[in-house]
Amino acid sequence: MINRKLAKFLSLQYVVLALILILAAAGLLLLPKYVKHEGIDTKELLSNTFSNERYISTDELANNIVNQDPSFILIDVRDSISFKKNSLPNAINIPLKKILNEEASAYLDQDQFDVVLYSNTNFYADQAWMLCNRLGYKNLRVLKGGINEWFHTIINPTKPTENMPATAFELYSFRKAASMYFGVAYLDAIPKKVVKKVVRKKVKTVKKKKKKKPEGGC
Amino acid sequence: MGPLIPNELIPYEWNNIIALLIGIAFGYILEASGFSSSRKLAGVFYGYDFVVLKVFFTAAIVSIIGLLYMDYLGYVDIGQLYIHPTYLWGAIIGGIIMGAGFVAGGFCPGTSLCGVAIGKIDAMVYVVGIMIGVFIFSELYTFFEPIYNGYFQGNITLMDSLGVSPFWFILFFTIFGVVAFAASDLVRKRVKKVFY
């Protein structure tokens, strides 16, 4: 027995399919429009912001520079005047204003190197980090404390007092050595000219023992 | 979220394996729907069979509508998808040559391999012809190079070059496709039936 209604409906199957296609295409027009965010999700950005993983300490950075670690680049986000006054060795100057330029993105948006951002403190570097992280750039680090911290810890480290633990002294000697690498001179590290006193050796005269006369024996 | 491999939801190493699986499925469907028959393929030019037109038009419309919905829902980032670069005159001249070969031989390159797989002799001859064409092209490459690499337009789409809203364009394109299907059915009824 042929189900006539079904047969009639099936004869229309291509019309139905075509209508579905047209309806689906028209549905696209009715979708509410919204502007898409570029880069990472807002929630992800928030969790990244609270994470301390992005910070690199001055000691770590100094260690990397001294060991000539090739895996990172230093980006100075201050303006070019203060960059010319002082900067870290081999740093690249990308002022915060120009951080979205195409030239800057060649340095920032890549997978090969870690990017270490710094400014006078970590304030502007954090802002730069926030912008770049929002755009989905990878491997971004921020120098904790910036150049000020660098000066206080590496260039001019405070001497530990005697009641401090041994680790403090180790850290101090590391920082001191690092600062010498970066060109700081210490008075006590300069080898003093030692004036040798000419000391005459006292000649001890050894009196020869007089030979004993042989005594009688066996 | 997607595309899955560039966003590393699927490891990059699976790329070739997935491509192979999709390729096998594609070839199977081509064969199953009769695309390994040169008579069926050539029918679109002689007006007795419009399956090729219908299949490829439907594929294009379904995928673009599906992609836009998925982009809207956040499953696929449509900006990350590969868009084939346009070399204008290279595409036009190549298209004409390819079309002539299609009419004459009754296969397009993909379906000819499908035909070879089920042992059709005309498909094998066609594949040899492709190889000869490839050989001639590579020998005369320096001569063809200005056309091959010239007239570069970038990775543009129809919507970019026409400057219209993609949604309106797709609606228009869909309606155009459905009308073309209906018209092709009318043509097919008028043309003398060919049995193959």
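Protein chains get the first letters and strands the later ones, always in sequence-line order, with residue 1 at the start of each. Just so it is clear, the structure is predicted and the values come from calculations on it, not from any experiment.
No donor-acceptor distance shorter than 3.5 angstrom exists from the side chain of A:Y14 to the backbone of B:A182, with no hydrogens or angles considered. The backbone N or O of A:A24 sits less than 3.5 Å from a side-chain atom of B:Y69, completing a donor-acceptor pair.
Across all non-hydrogen atoms, the minimal contact from B:I65 to A:L21 is CD1-O, 3.8 Å.
Of the listed residues (B:T174, B:L171, B:L68), just one forms a side-chain contact (heavy atoms from CB on, under 4.5 Å) with A:L28, and that residue is B:L68.
Applying the 6.0 Å contact sphere to CD of A:E102 captures no more than 12 heavy atoms from other residues, nucleotides or ligands. The number of heavy-atom neighbours closer than 6.0 Å to OH of B:Y87, taken from other residues, nucleotides and ligands shown, is above 12. More than 12 non-hydrogen atoms from other residues, nucleotides or ligands lie less than 6.0 angstrom from CZ of B:F152. Heavy atoms from other residues, nucleotides or ligands lying under 6.0 Å from CD of A:Q112 number 12 at most.
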